[in-house]
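So the structure is just underneath, and the comments pick up after that.
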Amino acid sequence: MTFMDHLEELRWLLVRSTIVVLIMAMIIFFVSDYLFDEIVLAPLKPEFVTYGFFCDLAQQLNVSDICVTAKDFNFIIQNTDMEGQVNILVWMCIVGGFIAGFPYILWEFWKFISPALYEKERKGAKVFITVSSLLFFIGVLFGYYLITPMSVNFFATFTVSDLVKNQFNLDSYMSMLKTSLIACGLFFELPVIIYFLARLGLVTAELLRKTRRWSIVGILVVAAIVTPPDVVSQVIVSIPMIIIFEGSIVIAALVGKKKKAEELANT
């Protein structure tokens, strides 16, 4: 295939993926009332499951900073734009459609890159789609049950003065929610990305080990930004991210050993 043929194939990949996302978005639209009340806005309620987990953990660790009670939710979620709620509904459906249609997008991506792979690697399509989808959904759940509640907890209880009352815009909350879900979902794809980069020779386990110190510092900084200012919350968020990074190093090492074995077999 020529370069233009590849671009044409990529264009149709994006078109088909967009159609699937829109179809899933339309399906989500018909259950949007339930999704808004029971899922999207659930982290704004003090009875959300994560807050109960934080309080139980705080009791066991004898700390109080991470325990959230009903009095901490003394804020108002409001809409200030005429078309605000309509835009929020549309974007919620699109983001939900992207999350629900992500396995299909992966399948389209696999079809696009499969001609450049060996025959035995093409047979791993099911494994690739299954593992990648599982990692993405775990990342989305991580963002929903940990990052979002911790962010709500911090911003809802933070004040510069008792004279200032918190009244959050719905658009601001939705922006934080969708960023948390998509960013965490894509971050959990790191092992898959490292696998392909290692196969292409662009990343090695040695390189990742050399940058481990800085990577862990970066993870801790990110965890400190998205969590309340206490060590427990930072550790809860950073541990899964560090595990993902360390798993990527292991994957890069395995790929490197496999490449060396293949080179020896061909000589």
Side-chain angles (χ1 to χ4, degrees), residues 28 31-79 88-89 91-92 95-96 98-100 102 134-160 164-189 218-244:
I28 291 173
V31 292
S32 59
D33 291 342
Y34 172 81
L35 290 179
F36 256 109
D37 292 334
E38 302 299 330
I39 297 179
V40 175
L41 300 179
L44 299 175
K45 304 173 183 177
E47 61 269 17
F48 188 61
V49 60
T50 303
Y51 301 129
F53 167 75
F54 287 162
C55 287
D56 292 338
L57 184 62
Q59 186 175 5
Q60 294 178 8
L61 298 177
N62 195 25
V63 296
S64 59
D65 292 340
I66 62 174
C67 185
V68 182
T69 59
K71 66 180 180 63
D72 296 318
F73 286 76
N74 185 27
F75 59 86
I76 297 174
I77 296 295
Q78 61 182 355
N79 171 59
I88 292 298
L89 174 61
W91 274 110
M92 187 210 72
V95 172
F98 174 79
I99 294 174
F102 191 76
L134 184 61
L135 288 173
F136 179 77
F137 290 135
I138 291 175
V140 169
L141 293 175
F142 179 78
Y144 179 73
Y145 283 105
L146 279 179
I147 302 298
T148 298
M150 286 183 173
S151 299
V152 171
N153 176 25
F154 175 70
F155 292 116
T157 57
F158 180 84
T159 58
V160 294
V164 181
K165 302 301 181 182
N166 285 325
Q167 295 185 3
F168 303 120
N169 197 307
L170 178 61
D171 181 65
S172 176
Y173 168 73
M174 291 299 298
S175 177
M176 181 193 69
L177 177 64
K178 66 185 180 183
T179 300
S180 299
L181 300 187
I182 300 301
C184 290
L186 295 179
F187 177 81
F188 273 61
E189 292 293 301
I219 289 173
L220 292 175
V221 170
V222 172
I225 293 173
V226 300
T227 59
D230 64 84
V231 177
V232 177
S233 300
Q234 187 178 8
V235 170
I236 292 174
V237 171
S238 60
I239 285 179
M241 299 173 73
I242 293 175
I243 291 175
I244 289 292

Can any side-chain N or O of Y51 pair as donor or acceptor with the backbone N or O of P43 at less than 3.5 Å? yes
Could you check if a side-chain atom of M176 sits within less than 4.5 angstrom of a side-chain atom of V152, using non-hydrogen atoms only? yes
Can you find a pair of side-chain heavy atoms, one from M92 and one from I28, that are under 4.5 Å apart? yes
Roughly how far apart are I76 CD1 and Q167 CD, rounded to 0.5 Å? 4.5 Å
Inter-residue atom distance L186.CG - F102.CZ, 0.5 Å rounding: 6.0 Å
Exercise: identify the closest heavy-atom pair between I138 and F188: CG2-CE2, 3.7 Å
Between G143 and L181 the two heavy atoms that sit nearest each other are C-CD2, 3.8 Å
Are any non-hydrogen side-chain atoms of M174 and W91 less than 4.5 angstrom apart? no
Nearest 0.5 Å, what's the CG-OH distance between L44 and Y173? 4.0 Å
Reported CG-to-CD distance for the pair N169 and Q78, which is rounded to 0.5 angstrom: 6.5 Å
Distance from I239 atom CD1 to I219 atom CD1, nearest 0.5 Å? 11.5 Å
Non-hydrogen side-chain atoms of I99 and F136 separated by less than 4.5 Å: yes
So do the side chains of I182 and F98 get within less than 4.5 Å of each other, counting heavy atoms only? yes
At their closest point, which heavy atom of E38 faces which heavy atom of Y144, and how far apart are they? O-OH, 4.2 Å
Is a side-chain donor or acceptor of S175 paired with a backbone partner of D171 at a separation under 3.5 angstrom? no
Are the side chains of I39 and L177 in touch, meaning some heavy atoms are under 4.5 Å apart? no
Given the side-chain rings of Y145 and F48, with only the six-membered ring counted for Trp, is the space between their centroids under 6.0 Å? yes
Shortest non-hydrogen separation from C184 to G139 and the atoms involved: CB-O, 3.1 Å
Tell me, do I88 and F36 make a side-chain contact under 4.5 Å, heavy atoms counted? yes
